[in-house]
Structures are given as structure tokens and as C-alpha cells.
Amino acid sequence: NSDAFPKDPKESRDADCDGIGDNADPEYTGLGRVATVDHWSGDGVYGQQARFTTITTPEGVQHLRLKLKLTGARDQKREASWEHEIEKFWSNDGFSLDIQWVDSGQDNIIHVSRGSGRANSGNLFTETDKWVASHEIGHLLGLNDEYGDSNDPHRMIGEANSIMRA
């Protein structure tokens with residue numbers, strides 16, 4: 001739900017000079033605590049950059065905004081479907097995800113190739129289904145794979161119904 005986010009967060013200012021940057025100052029946004037998350041997430045062998053904006057309301061509801069730039073095989077209908085399904089999958093009581101396709105100012109870049117293939121958090125295919133797309137977006141939110149991999153014998157194995165185990 002993009003209405004939960006300020007249109008132009010002033011992430012490098014401190015307008016009221018209270019020592020809390022505007023991007024983390026609930027008084028400045030009027031929406032809740034705003035922060036930019038930017039960290040390397042990995043499980044020992046594989047990893048990816050997790051970068052997104054989060055707002056936590058005074059009621060404890062957490063809204064995440066993930067701005068993605070898609071390159072390669074673009075298709076508005078497929079992108080709208082991915083956006084809807086990914087947001088639906090990751091949003092639940094007390095938590096919502098807002099995917100925004102952007103041309104600049106992105107948190108991450110995903111290249112889309114024609115056909116099918118093995119997707120990852122930086123590469124999807126025109127035939128990538130909603131389940132796989134949701135799994136790969138999980139990496140961009142800082143989550144690691146939870147399935148067995150002979151290249152990573154110490155990886156944590158998740159619950160059978162975890163999307164990160166798929």
C-alpha cells in the first residue's frame with residue numbers, strides 16, 4: 001500500500017534538529033518510525049544485498065517498500081501480476097509489502113530474460129511463476145534459502161511450508 005509511505009522521505013536531513021535523522025523520526029513523517037534497511041544477507045556460501053524502506057506505525061504495523069528496477073524483457077501485464085501476487089504473499093496481519101517498479105532510485109535491479117531458467121534474486125524469467133518470484137523477493141528482504149544444498153552443508157533447513165525452503 002504505497003499510501004503508507006511519504007512521497008519524498010528526507011533521508012539525510014534532521015529538520016527538527018533533535019539528533020534523529022528525518023528518515024527515522026516519527027515526528028517528521030507523522031506516519032511512524034521510518035528507516036532504510038541496507039545490509040548484506042547471506043548463509044555462508046550465497047548472499048545478496050537486502051535494501052528496502054520500512055515504516056513501523058505507533059500501533060506496531062510494519063510496512064516495507066521495495067523499489068525495483070527491471071531490465072530486459074519488460075511486460076506490464078506480467079509485472080502487475082508479479083506485484084500483486086508478491087505483495088499478497090508477503091502481506092499479513094501487522095505486516096505489508098509494497099513493491100514499486102521504478103526507472104531510477106531503485107533498491108535493487110532485477111534482469112528479466114525471455115523463457116524459463118533458474119531464477120535468483122537478481123535474475124527472473126518471463127515464465128517465472130509467482131511462487132518463485134516471491135521466494136526471490138524474500139532474498140531482497142534479507143531472508144536466506146532454507147533448503148538443503150551440498151555446497152552449503154551448514155545451511156539452516158526451514159519448515160516444510162516455508163517459501164524460502166522452496
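Just so you know, these numbers come straight off a predicted model, no measurement behind them.
The two residues Ala73 and Ser113 have their closest heavy-atom pair at CB-C, 4.4 Å. In terms of heavy atoms, Met164 sits closest to Tyr147 at O-CD2, 3.7 Å. What you find for Ser134 and Phe89 is that their closest heavy atoms are OG-CB, 3.9 Å. Contact between Ala119 and Val132 at its shortest, heavy atoms only, is CB-CG1, 3.9 Å. Residues Thr71 and Ile109 approach most closely at CG2-CG2, 4.0 Å, considering heavy atoms. Residues Arg74 and Asp103 share a closest heavy-atom pair of NH1-OD1, 4.3 Å.
In this structure, Arg65 CZ and Phe52 CZ are separated by 12.0 Å, a value rounded to the nearest 0.5 Å. Rounding to the nearest 0.5 Å places CZ of Arg165 at 9.0 Å from CD of Glu146. One finds the OG1 atom of Thr128 at 11.5 Å from the NE2 atom of His135 (value rounded to the nearest 0.5 Å). Taking NE2 of His84 as the reference point, atom CD1 of Ile86 lies at 11.0 Å (rounded to 0.5 Å).
By the 4.5 Å heavy-atom criterion applied to side chains, Leu141 and Leu97 are counted as neighbours. The shortest side-chain heavy-atom distance between Asn108 and Arg51 falls under the 4.5 Å cut-off. Side chains of Leu124 and Leu70 form no contact here, defined as non-hydrogen atoms less than 4.5 Å apart. Counting heavy atoms from C-beta on, the side chains of Ile163 and Trp131 come closer than 4.5 Å. Using a 4.5 Å cut-off on side-chain heavy atoms (C-beta onward), His63 and Thr57 make contact. Contact annotation: the side chain of Leu68 approaches that of Ile99 to within less than 4.5 Å [non-hydrogen atoms, C-beta and beyond]. Put simply, the side chain of Glu83 reaches to within 4.5 Å of the side chain of Trp101, judged on heavy atoms. Contact annotation: the side chain of Leu66 approaches that of Ile137 to within less than 4.5 Å [non-hydrogen atoms, C-beta and beyond].
Neither side chain, Ser121 nor Glu136, offers a donor N or O lying under 3.5 Å from an acceptor on the other. Judged purely by distance below 3.5 Å, without hydrogens or angles, the side chains of His139 and Asp145 pair a donor atom with an acceptor atom. Side-chain atoms of Gln62 and Ser96 include no donor-acceptor pair closer than 3.5 Å. Side-chain contact annotation: Asp98 with Gln100, donor-acceptor N/O pair under 3.5 Å present.
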Exercise for review: Assess whether side-chain contact (heavy atoms from CB on, under 4.5 Å) is satisfied between Asn123 and Val112, documenting all intermediate values.
Suggested key: CA-CA 6 Å; Asn123 296 284; Val112 181; over 6 Å; no
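Other residues, nucleotides and ligands contribute more than 12 heavy atoms inside 6.0 Å of the CG atom of Asn92.
When atom types are taken as modelled, the side chain of Ser91 and the backbone of Glu87 share a donor-acceptor pair closer than 3.5 angstrom. Judged by distance alone, with hydrogens and angles left aside, the side-chain atoms of Glu79 form a donor-acceptor pair with the main-chain N or O of Asp75 at under 3.5 Å.
Cluster membership check: Leu143 shares its hydrophobic cluster with Val37, using side-chain heavy-atom separations under 4.5 Å among Ile, Leu, Val, Met, Phe, Trp and Tyr.
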